[in-house]
Structures are given as C-alpha cells and as structure tokens.
Protein chains: 2
Amino acid sequence: MTLTELRYIVAVAQKKHFGHAAQACFVSQPTLSIAIKKLEEELNVKLFERSSKNEIRITDIGQKIVQQAQKVLQETHVINEISQQGKDPLSGTFKLGAIYTIGPYLLPDLIPGLRKNAPKMTLIIEENFTANLSQSLKQGELDAIIISYPFDEPGIETFPLYKEPFVVAIYSHHKWVEKKQIKVNELVGQDLMLLGAGHCFRDQVLLACPKCITENNELTRTLEGSSLETIRHMVAAGTGITVLPCTSMLNSQHNSDLIKIKYFSPPQPSRTVALAWRKHYPRKEAIQLIIDNIQQCGLPGIETID
Amino acid sequence: MTLTELRYIVAVAQKKHFGHAAQACFVSQPTLSIAIKKLEEELNVKLFERSSKNEIRITDIGQKIVQQAQKVLQETHVINEISQQGKDPLSGTFKLGAIYTIGPYLLPDLIPGLRKNAPKMTLIIEENFTANLSQSLKQGELDAIIISYPFDEPGIETFPLYKEPFVVAIYSHHKWVEKKQIKVNELVGQDLMLLGAGHCFRDQVLLACPKCITENNELTRTLEGSSLETIRHMVAAGTGITVLPCTSMLNSQHNSDLIKIKYFSPPQPSRTVALAWRKHYPRKEAIQLIIDNIQQCGLPGIETID
DNA sequence: GCTTTCAATCAATTTAATCTATTAAGTTTT
DNA sequence: AAAACTTAATAGATTAAATTGATTGAAAGC
C-alpha cells in the first residue's frame, strides 16, 4: 500500500471515472488502473465495480476504504503542515542555558532583542553551573548555553561572544577608594569574597590571582550557594571586597552609592564568554541569531571579539 | 513522502540508531539513511541530529513529525483491518429486492436458509414493482433482485431460478369446482380479478390469455394498488376468480377451505422467476449463495431449471 | 453493423529503490 | 598520539517499480 495508491482510489471515488481520475492525478490511465488493481489485490478486496460506458460504482467495502484513505491522506497532510510551521528555525521553543554569573546581567538585555528579532521563537531560560549546563546541553535538554572559556567538550561547538574584564568592587569608604587602578597581587591577603565552588567565575578569579588561594582568609573559600548579588550587598555593607565581571557592576541598574568600582591595571584579568551548542544541532540560524543579538546588547565594559 | 519513509523515521525514533532501525525495517542501513535524507529534504526539515557513537537525537519538530507519522501508519493499518473484515463476500449487508408477487411466498422460506448458510450476512429486503427494482439495482441501491422474465436490461445479468405455473383460484362453491383442468380461453368473459398495472404478473396473465383484455369485465383492469392476498380474500368471498402463481396458493400457510385451486390444461401458462444483478457486481459468491438457497427452498408446484 | 467509450493489457522505457562496499567523521582504546 | 572501532553518509551497480503510448476487449448507442 502506498500513499499514491490511496490518492488514486480517492480520485476514482470522486470522479467515478478512471480516465478523469488519472488526469486529476496527473498520470496516465493505465498507471492508475494498474495501481488500483495492485491495491485491490493486496487488500484482496474489490473496491470498484467497473463497467464501461456507465459510471464506476464503489463497493460498500470500497466506500469504507476510500473514506479511511482520505483520513490517512489528511493525516499525512498534517505532516506537511507541521514541517511548514516548524521549518522556520526561528520559531518553536529554544532552550537557552546560562551560568549564574552571566544570566542576570546579559539576559535582561538579550531577551527583548530576541523577542523583537524572532517573535515566533519561545525562549526558555535555565541558569546553572557550567557542569550542569554542559550535561543538559549534551543530553538535548538545552539547545545552547552561555558559558565562559575554557570550555571544551566533545561534540560541542562554541563561539566566543565577548571578553569581559574583571573589576574590583569595594565599599565606598574602603581604604582603596582613592586608588586609580588595582594590581592583581594587591588582592592577596584582603577580605576577598568569592562565590562557592562550582561557579567557574570563582576559579577564574583565583586563576588570575593564584596567591589568593593560599594567603587569603577563609572568605575566599566560603559563600557557598551564594550569588554575585549577595556578594555585592555584602560589599555595600563593608564586609569585604570582591572581584566581579564588569557586566555585573557597570550596569546602571546594579549601581549603588555604597560601592565603588576599581579597574585592574593591565594586564586586566578577564574571561571570554561564549555560546556553546551541539555540533550537529540543526537550527544553526537560531544559534546565529543568539550570537548576533548578544553582540548587539551593548554590555558595558566588554571587549568585542572579531 | 511515502509510507515507507514514515515507517523508517518511526523506527529511527524508536531505536535511536540508524543501523538498528534499518534492521528492524528489514533493509540495509544506507537504504534507510537515504530515505530519511530524502524525506528531510522534501519537508525541508531536519528530523534527527546525527552524531556518530552517541545516540541519535530527535529534533523538536522531528518529534512532532514522528508522532504524526505514527498516526498516519495507524490509520493505514485501519485500511487493512477494514478490508480484512469485509473481504468475505458472505459478510456485510446484502440488499435484495423482490417483486410483490414473489416476495411474500419465497422470502419466508429463503431468509432462514440464508441466515443459516451466511450468518454474517445482513439481509435487507425490498418489495416493489419490477421497474422500480430494476432502477434501484442499476443505481446500486440494491445488490440483486428477484423478478420474472422477460427481463433484459443493459449491464444486468440474470439467472433463471424456477418456472412457476399459473393456477386458477376459485370460490369453493364456484361452478368450476368439479373441473379437473381449466383451459386458458375459458377465462374469457369470467369475473377475473387481477392486480393493477405495474405488476408484471398481471401482464403475464393477460399475455397468456389475450382475449381477456378485450372481452372481460372491468375487474380485469382494476384492483389498482392491491395485492395477491387481497385478491385471494376476494376469491374466498366469492367476488370472482383469479389466476395466481402456484407458489402463492400451494403453500399450506396460504390455504383456505373457501378457495379451490384448478390447474390449467397444458400448455400451462407460467412465468420464469430469475435473479438479476449488475454484471460487474463483485460479490459473485453472494449471488451464487442466493441462487443456491432459492433453489433449495422446495417451493410447491414449481419446475426446476437446469 | 459500425462507431464510440472506457478500462484493461502489452511492451518498452524511465525512474526509483535497494544492495554491497567504501568512505568520512568522531570516539575510544592503547 | 596513533590505532582500532562505531556509525552514518556516499558511491556505483543492480534490481524492482512505476509510468507511458499504443493496443485490445467489452459494452452500449446509433
């Protein structure tokens, strides 16, 4: 049984004439005759009473089968409709993940842009650690994730979005408040507050200032389960200083009179934020859309990447 | 799009492995790969994310399409079920017509036999004039009709069932009650009661005795819209005589002490009852079944036909 | 009896489907 | 790093099917 055969019998049932039905199906009359004969043999059922001159008559069973054939054809048409709808890579659901230290600062700018440029695309956001996002991405639970380098996973492709310098956040009455720039090594021995293990940003800061690991006080290692926002409030409360990615501080929304920003003296420590997706992910246009929109966000303090 | 392709994508979606899916479909892996590629190109949609080693992943749109494909395949299966059910020619509905002067005397004997020999066949009976039955038959509203010769319609095939002699029915105190046999011409001038125009039996009687048309009284021409049963009762009341097909009188159920049967002297007038059906009617087994069962009815007084 | 109509059949061709063998790409093991 | 392994894609050859124009056969009308 083939869909073509079903189309043929429906046509014959409608036209009640093999020749006309063949014409309607854009095939020759023998083609149609043979196809129907084949189907009748396969089903072991006579679908039509043939009589020359007079009209073709459908058998009772043929009537039922033609009706069912129409249903089948209708359902196949739905397949075309589904693919028609969904062939636009910028429609449907897109599940985007982002690490905790990027999501709150990038997504508020990104989402409106995506809404505008791909109104048919439904965005679902998840914030998590790099490791969890990576696993979700590989399992297909996420379509793309925003992480920071280093990130190298088999089967995963990445594209660098921007380079984000780190800055130092201090209490407005901190002793460094008059400093122009901070040298990385000056962080050693300070009350440096960092996120807990699992946050890649923590690792990146400690990578930039290895001595902090051994010589700073316990704050460097605590704040488990916390967020940059919490740390920011603690800075405003004078509990200590912290290192932040610039996008989390330079945005006017996250400013506070109680917190002052200090830049690092060159070479500025920084991280490169990237988009990652499965190498064989089919909606490449959606990926490109995300990339373009992130780069057009105009995040403060970042360095663009060509 | 073909049903085979749909089967392939459903298999791949289930097995999540091209090779295994191909095996399940009893085809080689390239066959399946090519078919899916073809479908993807036709729909312009990526159904699967391929990656070697790791499992195949279905795209969102692919998931929907596979689901729809399953629905299509399910509906096609219904076609097989329908034809499976209905391929027995001795099942389903059979619409049988009979003329008024045969139905009441043949069908009570025929129907139980058919019930026994084809219990799955639902019988629908219609009694009408030959002309109406013929039209219904040609329009496909009836599957077969029981009529009497002459009957010759284009595209209609007939088979003679039995030859039915005519008999004379007289009141038990009629002057002919002692007669052994009646000659046809003796009917001329009698109070002969016949059915109205439209009943072929009327024509057949008048054909056997042409002089009755011109020389009998008006009764010969009246009794419009009546039935043999009415006439029989009128005979019992002594209103007149009539000619009946033997099956309507010889059955014990239709006997009455007030009516006596007289046979015609040879050559006995008679009619040949036949089954008629469309030449291309597909359920020939059902036709044969009807024929066989009618001939086994053992109707009284008939002559069988070889 | 001739013509017309219409589906079935025939013979030839084109098209499509399928296969085996191989390649390419990615993964895992050594 | 290199070799071994998996897995899907590709290539080339073969087989099966679909399709066609021409013809035939059956039935009906003139």
Side-chain angles (χ1 to χ4, degrees), chain A residues 1-9 11-13 15-42 46-59 62 138 152-158 277-282, chain B residues 1-9 11-13 15-42 46-59 62 134 138 152-158 276-282:
Chain A
M1 193 192 312
T2 69
L3 290 174
T4 310
E5 286 164 3
L6 298 186
R7 270 186 281 271
Y8 290 169
I9 65 169
V12 171
K15 303 276 180 185
K16 302 201 186 303
H17 188 291
F18 274 57
H20 299 167
Q23 215 167 349
C25 294
F26 305 105
V27 292
S28 67
Q29 171 262 316
T31 299
L32 187 129
S33 282
I34 291 170
I36 288 177
K37 187 184 174 190
K38 181 172 155 282
L39 182 61
E40 285 183 328
E41 281 170 2
E42 179 186 339
K46 273 278 167 205
L47 299 172
F48 303 103
E49 279 184 53
R50 281 88 155 163
S51 69
S52 44
K53 190 67 197 165
N54 279 337
E55 63 186 354
I56 295 293
R57 184 167 296 110
I58 312 175
T59 63
K138 283 196 258 185
D152 191 15
E153 295 283 336
I156 302 295
E157 211 163 311
T158 66
W277 62 92
R278 292 184 299 279
K279 203 166 289 187
H280 300 280
Y281 183 69
Chain B
M1 194 191 312
T2 69
L3 291 173
T4 310
E5 285 163 4
L6 298 186
R7 271 186 280 272
Y8 290 170
I9 66 170
V12 171
K15 303 277 181 184
K16 301 203 186 303
H17 187 289
F18 274 58
H20 299 166
Q23 216 167 349
C25 295
F26 305 105
V27 291
S28 68
Q29 169 263 316
T31 298
L32 186 129
S33 283
I34 291 170
I36 288 178
K37 187 184 173 189
K38 180 170 155 287
L39 183 61
E40 285 183 327
E41 281 170 3
E42 180 185 338
K46 273 278 167 204
L47 299 172
F48 301 103
E49 280 183 53
R50 282 88 154 163
S51 68
S52 43
K53 191 63 200 171
N54 278 337
E55 63 185 355
I56 295 291
R57 183 167 297 110
I58 312 176
T59 63
S134 173
K138 284 197 256 182
D152 191 14
E153 296 284 336
I156 302 294
E157 211 163 313
T158 66
W277 63 91
R278 292 185 298 280
K279 202 167 287 186
H280 299 278
Y281 184 70

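Reckoned from all heavy atoms, side chains included, excluding hydrogens, waters and symmetry mates.
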To the nearest angstrom, the CD1-C1' distance between B:Ile34 and C:dT15 comes to 15 Å
I would like to know whether A:Lys38 and A:Glu5 meet salt bridge (Lys or Arg N to Asp or Glu O under 4.0 Å); could you show each step before the answer?
-> CA-CA 9 Å; A:Lys38 181 172 155 282; A:Glu5 286 164 3; 2.3 Å; yes
Rounded to the nearest angstrom, tell me the gap between atom CG in A:Asp152 and atom P in C:dT27.
-> 11 Å
Within this structure, what is the CD1-to-C1' distance between B:Ile56 and D:dT6, rounded to whole angstrom?
-> 12 Å
Do you know the tightest heavy-atom contact between B:Lys15 and B:Ala24?
-> CE-CB, 3.8 Å
Side-chain contact, heavy-atom cut-off 4.5 Å: B:Tyr281 with A:Glu49?
-> yes
Which nucleotide in C:dT18, D:dT19, D:dT7 has an atom nearest any side-chain atom of B:Thr31 | C:dT18
Hey, could you give me the CD1/OG1 distance between A:Ile9 and A:Thr4, rounded to the nearest 0.5 Å?
-> 12.0 Å
Return the value, rounded to whole Å, for the distance between atom NE2 of A:His20 and atom P of C:dT5.
-> 11 Å
Which nucleotide in the list C:dA8, D:dT10, D:dA8 gets nearest to the side chain of B:Phe18?
-> D:dA8
What one should report as the nearest heavy-atom pair of A:Cys25 and A:Leu32 is SG-CD1, 4.4 Å
In whole Å, what is the span from the CD atom of B:Glu157 to the C1' atom of D:dA28?
-> 16 Å
Between the CZ atom in B:Arg278 and the CD1 atom in B:Ile156, the distance rounded to the nearest 0.5 Å is 7.0 Å
Among C:dA17, D:dA27, D:dA8, find the nucleotide with the atom closest to the side chain of B:Lys279.
-> D:dA27
All N/O pairs under 3.5 Å across the protein-nucleotides 21-24 of chain D interface:
none

All stems that DNA chain D takes part in, i.e. 3 or more consecutive Watson-Crick or G-U pairs with distances under 3.5 Å, are C:1-30 with D:1-30
Between C1' of C:dC6 and CZ of A:Phe48, the distance in whole Å | 15 Å
Between B:Ile156 and A:Leu32, who's closer to the 5' end of DNA chain D by nearest nucleotide?
-> A:Leu32
Value in whole Å for how far the P atom of C:dA7 lies from CZ of A:Arg57 = 13 Å
With the threshold set at 4.0 Å, does a side-chain nitrogen-carboxylate oxygen contact exist between B:Glu40 and B:Lys46?
-> yes
Can you tell me how far CD of A:Gln23 sits from CD of A:Gln29, rounded to the nearest 0.5 angstrom?
-> 11.5 Å
Among C:dC6, C:dT18, D:dT20, the nucleotide that comes nearest once only the side chain of A:His17 is considered = C:dC6
To the nearest 0.5 Å, how far apart are CD in A:Glu41 and CD1 in A:Ile36?
-> 12.5 Å
Within the pair A:Lys38 and D:dA17, is there a side-chain N or O less than 4.0 Å away from OP1 or OP2?
-> no
Report the distance from atom CD of B:Glu41 to atom C1' of D:dA9, rounded to the nearest whole Å.
-> 12 Å
Separation of B:Ser134 OG from B:Asp152 CG (nearest 0.5 Å) = 10.0 Å
Counting only side-chain N and O atoms of A:Ser33, is one of them less than 4.0 Å from OP1 or OP2 of C:dA7?
-> no
Respond yes when some side-chain nitrogen or oxygen of B:Tyr8 is under 4.0 Å from OP1 or OP2 of C:dT18, and no when none is.
-> yes
